Amino acid sequence: GQQLNQSPQSMFIQEGEDVSMNCTSSSIFNTWLWYKQDPGEGPVLLIALYKAGELTSNGRLTAQFGITRKDSFLNISASIPSDVGIYFCAGQLTGNTGKLIFGQGTTLQVKP
Amino acid sequence: ETGVTQTPRHLVMGMTNKKSLKCEQHLGHNAMYWYKQSAKKPLELMFVYNFKEQTENNSVPSRFSPECPNSSHLFLHLHTLQPEDSALYLCASSQVTGTGKKLFFGSGTQLSVL
């Protein structure tokens, strides 16, 4: 079945450092979504991408829709303690089903 | 506040109990979803409703019974659950579109089955 490989699984960084994570697949997607989930809460949508090559920012977060349409990247610049959480990518498959596939998540910990 | 409200936030139940989870969305969406999130596992899609009609059931055991009376409300009825059903249950909503679908999630119900 369709699968998204999200990496890294976890990161432990120093406050102020930049962070990069990515999702890859063998399937082609027409939408990429990036979510953040705080402990005990539901995922919150951070960025939505709709076109191959698209680069979109939301504050210190920047995400890109890969030109092959099989991958996406999320960067966080100058991390702060409240960036702690789990980050999920989700890709919407092309075709009529429009099924949304989620990555396994990247757990980010930030050391003050 | 994402516009999707789930109740209760926490639920502890025995294996012989019957309980229901409730979800309400105030976003004007016409698709609603139930997801299960277990520790160290990806989000698992359980059910999808488009315009109140169930369009997807991902081989979910019959001890989970969804109900969607209208586009704004979604329920998950639980009975004779097993301890391995303990997880965070997330409701989400979106527009029913072929592309550009964005899911908005509620805060979830943390379920513990004893």
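Only a predicted model underlies this, so the values are computations on that prediction, with no experimental measurement involved. Note on naming: letters A, B, ... go to the chains in the order of the sequence lines (proteins, then strands), and numbering restarts at 1 for each one.
Between S107(B) atom OG and D38(A) atom CG the span is 10.0 Å, to the nearest 0.5 Å. Atom CZ in F105(B) sits 9.5 Å away from atom CG in L45(A) (nearest 0.5 Å).
A distance-only check finds a donor-acceptor pair linking the side chain of R9(B) to the backbone of G40(A) [under 3.5 Å]. Using a distance-only test at 3.5 Å, with no hydrogens or angles considered, no donor-acceptor pair links the side chain of Y35(A) to the main chain of F104(B).
Under the 4.5 Å side-chain contact rule for hydrophobic residues, L45(B) and L88(B) share a cluster. The cluster map of Ile, Leu, Val, Met, Phe, Trp and Tyr, joined by side-chain heavy atoms under 4.5 Å apart, puts V48(B) and F75(B) in different clusters. Connection of F29(A) to Y87(A) is established within a shared hydrophobic cluster, with ILVMFWY side chains joined at heavy-atom distances below 4.5 Å, either directly or through further cluster members. Linking Ile, Leu, Val, Met, Phe, Trp and Tyr whenever their side-chain heavy atoms come within less than 4.5 Å puts M15(B) and L81(B) in one cluster. Grouping the Ile, Leu, Val, Met, Phe, Trp and Tyr side chains by contacts below 4.5 angstrom, directly or via other members, places L74(B) with L78(B).
If you measure heavy-atom distances from Y35(B) to chain A, the contacts under 4.5 Å come from the side chain alone. If you measure heavy-atom distances from Q37(A) to chain B, the contacts under 4.5 Å come from the side chain alone. Using a 4.5 Å cut-off between heavy atoms, E44(B) makes no contact with chain A at all.
Closest approach of G42(A) and L90(B) over heavy atoms only: CA-CD2, 3.7 Å. Shown here for P42(B) and G103(A), the closest heavy-atom pair between the two residues is CB-O, 4.2 Å. Considering every non-hydrogen atom in both L103(B) and L33(A), the closest pair reads N-CD1, 4.3 Å.
With a 6.0 Å radius and a threshold of 12 heavy atoms from other residues, nucleotides or ligands, I67(A) has its CD1 atom at or below the threshold. Heavy-atom neighbours of Q9(A) CD from other residues, nucleotides or ligands within 6.0 Å: at or below the threshold of 12.
The most heavy-atom pairs under 4.5 Å with chain A, out of K41(B), Q37(B), E56(B), come from Q37(B).
Taking 4.5 Å as the limit, some side-chain heavy atom of K102(B) sits within range of a side-chain heavy atom of Y50(A).
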